[in-house]
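Just so you know, these numbers use all the heavy atoms, side chains as well, and skip hydrogens, waters and symmetry mates. By convention in this document, chain letters (A, B, ...) are assigned in the order of the sequence lines, proteins followed by strands, and residues within each chain are numbered from 1.
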2 protein chains.
Amino acid sequence: MEKDEKKITIKDVARLAGLSKGTVDRVVHNRGEVSEESKRRVLEVIQQIGYKPNIYASLLASKKHYTLLCLIPKFCPGEYWELVYTGIGRAVERARNYNIGIDVISYDQFDRESFRRAARELLDRNPQAVLLAPIYRNDTLALTAELTSRNVPYVYIDSRLEGSGYLAYFGMPMYQSGYLAASLLTEQPDIREIANFRIDRGGAQPQDNPTLRRREGFMAYLKENFPEYRVYEDFIKPYDPEYNLRVLDSFFERHPDIRHIVTFNSRVHLISEYLEKRALKDRFVVGFDKLAGNLEGVRKGYIKFLITQRTETQVYRGITAIIEHMVFHTTPAEQDNFMSMDILTKYNVDYYSDIYEF
Amino acid sequence: MEKDEKKITIKDVARLAGLSKGTVDRVVHNRGEVSEESKRRVLEVIQQIGYKPNIYASLLASKKHYTLLCLIPKFCPGEYWELVYTGIGRAVERARNYNIGIDVISYDQFDRESFRRAARELLDRNPQAVLLAPIYRNDTLALTAELTSRNVPYVYIDSRLEGSGYLAYFGMPMYQSGYLAASLLTEQPDIREIANFRIDRGGAQPQDNPTLRRREGFMAYLKENFPEYRVYEDFIKPYDPEYNLRVLDSFFERHPDIRHIVTFNSRVHLISEYLEKRALKDRFVVGFDKLAGNLEGVRKGYIKFLITQRTETQVYRGITAIIEHMVFHTTPAEQDNFMSMDILTKYNVDYYSDIYEF
DNA sequence: AAAAAAATCGTGCACGTGCACGATTTACAA
DNA sequence: TTGTAAATCGTGCACGTGCACGATTTTTTT
């Protein structure tokens, strides 16, 4: 638990290699202008005595400044992507310590052209690293191909595309989270029917909607364990309370016995708000994501289980991976990093907090 | 999301205050030998232009070396305190970056004299900061009083004692965690009887056992919501499998209808191992703490809900608080920090990980 | 008032690295 | 051989802070 290594500096390496610190520095940073013979000697000595550059001295002396661009969807207050945005905000100060500036480029996730414009702007600004959520598959692939050819590292958050060009990925295992939701909902005995409310976007769906994977996981669990259960669907709208009122009233009129409800998108608070309005306290609701409205629904008891991921931590770790790659030239231990699925109830929600300052 | 502050150095402050950087440095570090008038001017300028010392330059120039001592119980592999120990291990490297060495002093938590000896050794070694778990109340108070008089900052983990001398506390809300356990266990309908297995230490209890608070929370929830439920207790031993087999067999012979089980200590794996041995798959078990054996019980389905805290993170944050206090002279935003209570089930346990490298 | 002591302050080197610049050596052509 | 270009390498300053040391000013003592 304790090592008191004497400090080994570049001067020690230089002395032992019979060269100057300038040459050692050139070797360490691959700046060329060094003979093969010298390079060999230097590397040998470094290996021998375990020289590690002093970050502080390095950062102090370096005048380099990097730019990290984040490509994420626009959002209204209280929406999922706001969490990502605040996660980025938390990382800004840390990044600045390493002479890395962070900027956000946002787009309308329901408008492909908007994504393309944003991608073009991103490339124009010549970032040294990129953090992105791959909403449109083909356009993202085009973008990452260009990044790869420019040798610009990029990190996926939220979801990822196949291929191995990315530095790292941080996200939630969507399929498993649906599976988990089903297992929690079916703890209760004697369920026959389940309601599932989805979001009606009027046809404007982004590609590869990750919530669909969640749904698959949910359905898979049911099929494996309770094949006799039936799931009834209906559609509500994110910003039309009166419409939702009518839809939900009508739904529960047609299905008066349904007590179990699940949503796969992040808007379960639309349900809990409805239940509160109608004073329906006997419903068993499972939903996702740490939106303020959802947490409120949990606190008031209208949402039984809320499954969340630590979105801010996710983003923070993504940016950390980039920082370490740029400053220390390290590669993350894992390329794919799945965040834990946290279960919130009325009795632990008040103690839940996402990121901590480090 | 972006601020391009020009770098403000101590020289700027000196210039604007009409003094030398030496004087400014004396003010910044409260090293005295500065006239009131100069001090005022310097502080005013600092406030005005928002000067922040450059950590890198500071760390580079400083020759100081600190020692942080951790006072925690000894443990056998797989026990709770091992988690604390690994948390400390994670922080060692980070601390070294700030010229802080970390050492552990351990004691037998069931032997008060051992605690006293450890406390004495700690004081003898003259640490600059301390992280401790306050197992014996009075002896801890004596220790912390001495630390306070020596002006040595200390951080509580696991539990804390009243008084405000500590720099920070990181732990789990024990009472609430018991409350939570009760709420999860009673999700099931038609329960009448609950089994609670406690650890028989043969009278060797440390003082202020935090698991008792957990039990209080559990009982409180029952009383408030299901006053008719009855809880039956029995005692098992941490390292005596045959004994436990007899006790548990006998218990379930006497109470064949009890399906719901809770433990408040960290050894719920003793229960799940018993259930596995007897192939009892219809029991509903709720327990605590992220021990490897407990996680295995969750995976195999013998433990329905395992309530955990992020112990490694807890310790890591405790040490971080100390580092920031010593290096940046900051005080933690919150003195009392309660960690989230995580709920693990068969379907999210494999994605659960505690600390991340930062 | 002069001397001594105390208070206050400025100067300059050190920390380990990055990198520009120029010095030196080597390679190659004339 | 000599000259020139290229390759290789060393020197020295800069980064911003900590702190020792000594210089200067103010206060106290005799």
Participant: Do any pairs count as a salt bridge (Lys or Arg N to Asp or Glu O under 4.0 Å) and have a residue in residues 45-59 of chain A, sequence neighbours left out, and if so which ones?
Facilitator: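 Output for this query is empty, none listed.
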Participant: Mind checking ring-ring contact (aromatic ring centres under 6.0 Å, His included) for B/Tyr154 and listing every partner two or more places apart, or none if nothing turns up?
Facilitator: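 For B/Tyr154, the residues satisfying ring-ring contact (aromatic ring centres under 6.0 Å, His included) (neighbours in sequence not counted) are B/Tyr156.
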Participant: Please say whether more than 12 non-hydrogen atoms of neighbouring residues, nucleotides or ligands are located less than 6.0 Å from CD in A/Glu334.
Facilitator: no
Participant: Is the closest basic N to carboxylate O distance between B/Arg125 and B/Asp103 below 4.0 Å?
Facilitator: yes
Participant: Are B/Glu44 and B/Arg40 close enough for a salt bridge, meaning some N to O gap below 4.0 Å?
Facilitator: yes
Participant: I'd like to check the ring-ring contact (aromatic ring centres under 6.0 Å, His included) partners of A/Phe115; sequence neighbours left out, ordered by chain and number.
Facilitator: A/Tyr107, A/Tyr136
Participant: Please identify each residue that fulfils ring-ring contact (aromatic ring centres under 6.0 Å, His included) with B/Tyr56, with sequence neighbours left out.
Facilitator: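 Expected list: A/Tyr56.
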Participant: Heavy-atom contacts under 4.0 Å between residues 29-40 of chain A and DNA chain D, which residues?
Facilitator: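 Within this stretch, A/Glu33, A/Val34, A/Ser35, A/Ser38 sit under 4.0 Å of the strand.
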Participant: Does anything in residues 27-36 of chain A form a side chain to side chain donor-acceptor pair (under 3.5 Å)? List the pairs, not counting sequence neighbours.
Facilitator: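 Every side chain to side chain donor-acceptor pair (under 3.5 Å) pair that includes a residue of residues 27-36 of chain A, provided the two are not neighbours, is A/Asp25-A/His29, A/Asp25-A/Arg31, A/Ser35-A/Ser38.
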Participant: So if I take residues 9-28 of chain A and measure heavy-atom distances to DNA chain C, which residues fall below 4.0 Å?
Facilitator: A/Thr9, A/Ile10, A/Lys21, A/Asp25
Participant: Who pairs with B/Leu141 by side-chain contact (heavy atoms from CB on, under 4.5 Å), at least two apart in sequence or on another chain?
Facilitator: B/Arg137, B/Asn138, B/Thr144, B/Leu161
Participant: Is the closest side-chain donor-acceptor distance between B/Arg310 and A/Ser340 under 3.5 Å?
Facilitator: yes
Participant: Mind checking ring-ring contact (aromatic ring centres under 6.0 Å, His included) for A/Tyr98 and listing every partner two or more places apart, or none if nothing turns up?
Facilitator: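 Result, ring-ring contact (aromatic ring centres under 6.0 Å, His included) vs A/Tyr98: none returned.
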Participant: Kindly write out the residues that satisfy side-chain contact (heavy atoms from CB on, under 4.5 Å) with B/Arg150, not counting sequence neighbours, or none if the list is empty.
Facilitator: B/Leu123, B/Asn126, B/Glu146, B/Val152
Participant: So how far off straight is the helix from C/dA1-D/dT30 to C/dA30-D/dT1, going by the axes through five pairs at either end, to 10°?
Facilitator: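 End-to-end axis angle for the helix from C/dA1-D/dT30 to C/dA30-D/dT1: 50°, rounded to 10°.
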Participant: Between which nucleotides of DNA chain D, 5' to 3', does chain B make heavy-atom contacts below 4.0 Å?
Facilitator: D/dG16 to D/dC19
